[in-house]
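Start at 1 with the first residue, then count along the sequence.
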Amino acid sequence: MKVVIVGGVAGGATAAARIRRLDEKAEIVVFERSGYISYANCGLPYYIGDVITDPEELTLQTPESFFSRFRIDMRVRHEVTAIHPEQKTVSVKNLEKGEEFEETYDKLILCPGAKPVKPRLSGMDLEKLFTLRTVEDTLRIKEYMNQKHPKSVILAGGGFIGLELAENLRELGMDVTIVQRPKQLMNPFDADMASLIHSEMRKHGVTLALGHTVEGFEKKEGGIDVLLKEEEPLHGDMVVLAIGVAPDTHLAREAGLELGIKDSIVVNDRMETSIPDIYAAGDAVQVKHYVTGQEALISLAGPANKQGRIIADNICGGDSRYLGSQGSSVIKVFDMTAAVTGINETNARKSGLDVDTVILSPMSHAGYYPGGKVMTMKVVFEKETYRLLGAQIVGYEGVDKRIDVLATAIHAGLSAIQLKDLDLAYAPPYSSAKDPVNMAGFMIDNISRGILKQWHLKDFDELPRDGSVTLLDVRTAAEYKGGHVEGFQNIPVDEIRERLEELEKEKPVYVICQSGLRSYIATRILEGSGYEAYNFSGGYRFYDAVSHDRCLVDTATACGMEQKRG
């Protein structure tokens, strides 16, 4: 059996190694148009930022090491230019020698990956305008920085690569601005949770120009002007485009393979394409979202590696199936960690799901053990069924641990209520006896029993201000004086029982505290005394952070951009 693989990196390299482990006699040829067959794509921004200093550390395998261990023919700087399914051949060009030839196959695996989105804008050919996707891109940016010593950079795009690059360049002392059309960074997160990421970026000196449309680029004053729609341009010494990627599937289209979302390759759960003996994996394929069952594009290294392994199993006579992508991911944002799994509230509602959420602010470990820090968790679940749909966490230590527990719970089909039953490891330096994941489960269990009734951030603007409801802040007098929502009267939670006469029993009471815990206790006191009471999800801390961010994005961004204009 002869297997030809188009593209190395994650899916292709994994498939090649797995095939060899299953079939010692198979002939395996991998064509990779870049100079690297297996590299740490996610590590590229950290090389630019000098966190990783040796470029060889980015290369997980070389053609020589692959051949030495697996006897796999890895041919870098070779581009497959056409696929001929009828003849079971591919046309290949040696990019170094210019030679072209045909290669036969019994099984073909397509792992072309994705390419950076390059909008049709003026100035796209400027030498100080870069994209970041490959090792070659990384080395090009690093060489420019070492030679020209730029002081400022404009990053177009606020996804994973944009944020990681912003952090690394800021740590090098550069003046960093992120500009993009959406009004929030990191679309996998809901806007309210993204506000916490925005705050951390601003705290470390990154300017956010959100809600602005880039219309082109222009060489000016030794640098580049980023032209904005109906705004003055931004000026930087260099620009990096990080506005997303698109499946690189021109070969598949020309070969007649069925294509899906954004021309991605359609595959079944065995990773088979519409043409026999051709498989595909990685960023170029359309997958099913594990939670919604809907078609999706999810460009992550974990799924790509799993898909490559599944293809190898099936080529070698097995029957492995890809169950779908859940979108679990984590990112370092300066001192913070942000992580997500499943779907967020915004996309759940767009999918037609009737959902609810809980927002809580637990400590990373036992409060009495030194060094604990607050994390903010948002758990999304379906009403009525309490099906667990997704989670987002922004905090410090322990974020990755909790998101992985929640990701596992979603994959296992646990309900949101069952989170309370998980038996999780506890010791004071690592957690609390009631782990944050358990706490989310307790809250959702209380909702299912009618013990906890919530109101949310989206309800603020609709709260009656005509005296028909009671608005109650149960924090201490000092906390209230330090900042509160207009119209809320203050009765500390520990004084409520003695001051019930100040609250009219026929009026619903909407309660808020700093994190949501004291206000929950207050609602139980009130409910037990005959009142109808609702607890604010997230607390004043969450409300203040989100409101402050929205104010900055909507009204103060232009002021923050002034210092960057040319």
- With sequence neighbours left out, write down each residue that passes side-chain contact (heavy atoms from CB on, under 4.5 Å) with E345, or none if nothing qualifies. D190, R349, V355, T357, K378, V380, K458

- Query: Is there a side-chain contact between D544 and S547 (heavy atoms, below 4.5 Å)?
  - Reply: no

- Should we say atom CZ of R449 is surrounded by more than 12 heavy atoms from elsewhere, each under 6.0 Å from it? no

- Point-to-point distance, once rounded to the nearest 0.5 Å, from CG of N535 to CG of L517: 9.0 Å

- Message: With a 4.0 Å cut-off on N to O distance, would you call K373 and D335 a salt bridge?
- Response: no

- Lys/Arg cation over aromatic F381: R387, 6.0 Å, 45° cone: no

- Item | N347 side-chain N/O to I343 backbone N/O, donor-acceptor pair under 3.5 Å | no

- Message: Could you check whether any side-chain N or O of T138 sits under 3.5 Å from a backbone N or O of T134, counting only pairs where one atom can act as donor and the other as acceptor?
- Response: yes

- Message: When you compare the side chain of L422 with that of V437, does any pair of heavy atoms fall below 4.5 Å?
- Response: yes

- Note on the structure: Tested for side chain to side chain contact (heavy atoms under 4.5 Å, CB included) against S519, the lone hit among V474, L472, V493 is V474

- Query: How close do A339 and V399 get, heavy atom to heavy atom, and via which atoms?
  - Reply: CB-CG1, 3.8 Å

- Query: Would you say the side-chain atoms of T476 pair up with the backbone N or O of E479, donor to acceptor, closer than 3.5 Å?
  - Reply: yes

- Aromatic rings Y510 and W455: how do their planes relate, parallel, tilted or perpendicular, breaks at 30° and 60°? perpendicular

- Mind checking the CZ-CD spacing from R202 to E200? Nearest 0.5 Å is all I need. 11.5 Å

- Task: Begin with the C-alpha distance, continue with both residues' side-chain angles, and end with the deciding distance and a verdict on side chain to side chain contact (heavy atoms under 4.5 Å, CB included) for D459 and H456.
- Result: CA-CA 5 Å; D459 301 321; H456 298 277; 3.8 Å; yes

- Considering all heavy atoms of both residues, which atom of V287 and which atom of Y322 are nearest to each other, and what is their separation? CG1-CE2, 4.0 Å

- K142/L139 under side chain to side chain contact (heavy atoms under 4.5 Å, CB included): CA gap, chis, key distance, verdict: CA-CA 5 Å; K142 193 64 176 174; L139 298 179; 5.5 Å; no

- Item | Heavy-atom side-chain proximity of R402 to S431 below 4.5 angstrom | yes

- Query: Are side-chain N/O atoms of Q514 and R541 paired as donor and acceptor at under 3.5 Å?
  - Reply: no

- Item | Test item: S448 side-chain N/O and D445 main-chain N/O as donor-acceptor pair under 3.5 Å | yes

- Query: When you measure from the side chain of Q180 to the backbone N and O of G158, does any donor-acceptor pair fall under 3.5 Å?
  - Reply: yes

- D423, CG: over 12 other non-hydrogen atoms inside 6.0 angstrom: no

- Message: Looking only at the aromatic ring of each residue, does the gap between the centers of Y430 and Y369 stay below 6.0 angstrom?
- Response: no

- Chi angles and distances behind the ring pair (Phe, Tyr, Trp, His ring centres under 6.0 Å) call for Y480, F488: CA-CA 9 Å; Y480 182 83; F488 278 70; 8.9 Å; no

- Task: For atom CZ of R181, decide whether the heavy atoms of other residues, nucleotides or ligands shown that lie under 6.0 angstrom number more than 12.
- Result: no

- Specify the closest pair of heavy atoms between Q184 and A194, including all atoms of both residues, with the distance to one decimal. NE2-CB, 3.7 Å

- If you measure only the distance, is there a donor-acceptor pair under 3.5 Å linking the side chains of S361 and S515? no

- Query: With a 4.5 Å heavy-atom cut-off, do N168 and I48 have their side chains touching?
  - Reply: no

- Donor-acceptor contact present, side-chain R497 to main-chain L526, <3.5 Å: no

- Message: The criterion is side-chain contact (heavy atoms from CB on, under 4.5 Å); which residues satisfy it with N446, sequence neighbours excluded?
- Response: I451, L452, Y520

- Task: Would you mind reporting whether R69 and S65 have side-chain heavy atoms less than 4.5 Å apart?
- Result: no

- Query: For P150, which residues count as a side-chain contact (heavy atoms from CB on, under 4.5 Å) partner, sequence neighbours excluded?
  - Reply: Y144, M145, K148, M174, D237, M238

- Decide yes or no on side chain to side chain contact (heavy atoms under 4.5 Å, CB included) for Q454 and D356, but give the supporting numbers first. CA-CA 10 Å; Q454 298 187 112; D356 199 356; 3.8 Å; yes

- Sub-3.5 Å donor-acceptor pair from the side chain of T53 to the main-chain atoms of D50, do we have one? no

- Query: Which value, rounded to the nearest 0.5 Å, describes the distance between K434 atom NZ and Y426 atom OH?
  - Reply: 11.5 Å

- Minimum heavy-atom distance N344-P188, with the two atoms named: ND2-O, 3.0 Å

- Task: Carefully, step by step, assess H411 and Y290 under the rule ring pair (Phe, Tyr, Trp, His ring centres under 6.0 Å).
- Result: CA-CA 8 Å; H411 186 84; Y290 187 80; 4.8 Å; yes

- Item | D549 side chain to L196 backbone, donor-acceptor under 3.5 Å | no

- Message: Quick check: closest heavy atoms across A166 and I178, and the distance to 0.1 Å?
- Response: CB-CD1, 3.9 Å

- Query: Are D175 and R170 close enough for a salt bridge, meaning some N to O gap below 4.0 Å?
  - Reply: no

- Query: How close do A407 and T341 get, heavy atom to heavy atom, and via which atoms?
  - Reply: CB-OG1, 3.4 Å

- Cationic N near anionic O, under 4.0 Å, E527 to K453: yes

- Message: Checking the side chain of Q392 only, and the main-chain atoms of F189 only, is there a donor and an acceptor separated by less than 3.5 Å?
- Response: no

- Atom CE in M443, atom CD1 in I417: separation rounded to 0.5 Å? 13.5 Å

- Item | R133 and D283 ion-paired at < 4.0 Å | yes

- Query: Does a side-chain heavy-atom distance below 4.5 Å link K183 with H198?
  - Reply: no

- Pairwise distance CD(Q489) to NE2(H484) - rounded to 0.5 angstrom: 11.5 Å

- Message: If you apply the rule side-chain hydrogen bond (donor to acceptor under 3.5 Å, both in side chains), what do you find for H365 with E397, and how did you get there?
- Response: CA-CA 9 Å; H365 60 241; E397 63 184 46; 2.9 Å; yes

- Query: Are Y386 and I447 close enough that some pair of their side-chain heavy atoms sits under 4.5 Å apart?
  - Reply: yes

- Message: For L463 and L471: C-alpha separation, side-chain torsions, deciding distance, then whether side chain to side chain contact (heavy atoms under 4.5 Å, CB included) applies.
- Response: CA-CA 9 Å; L463 277 181; L471 306 179; 4.0 Å; yes

- Can you check whether E164's main-chain N or O pairs, donor with acceptor, with E167's side chain at less than 3.5 Å? no

- Message: How about NZ on K332, more than 12 heavy atoms from neighbouring residues, nucleotides or ligands closer than 6.0 Å, or not?
- Response: yes

- Any side-chain heavy atom of M201 within less than 4.5 Å of one from L185? yes

- Around E498, counting heavy atoms of other residues, nucleotides and ligands shown, do more than 12 lie under 6.0 Å from its CD? yes

- How long is the span from the CG atom in L132 to the CG atom in L155, to the nearest 0.5 Å? 10.0 Å

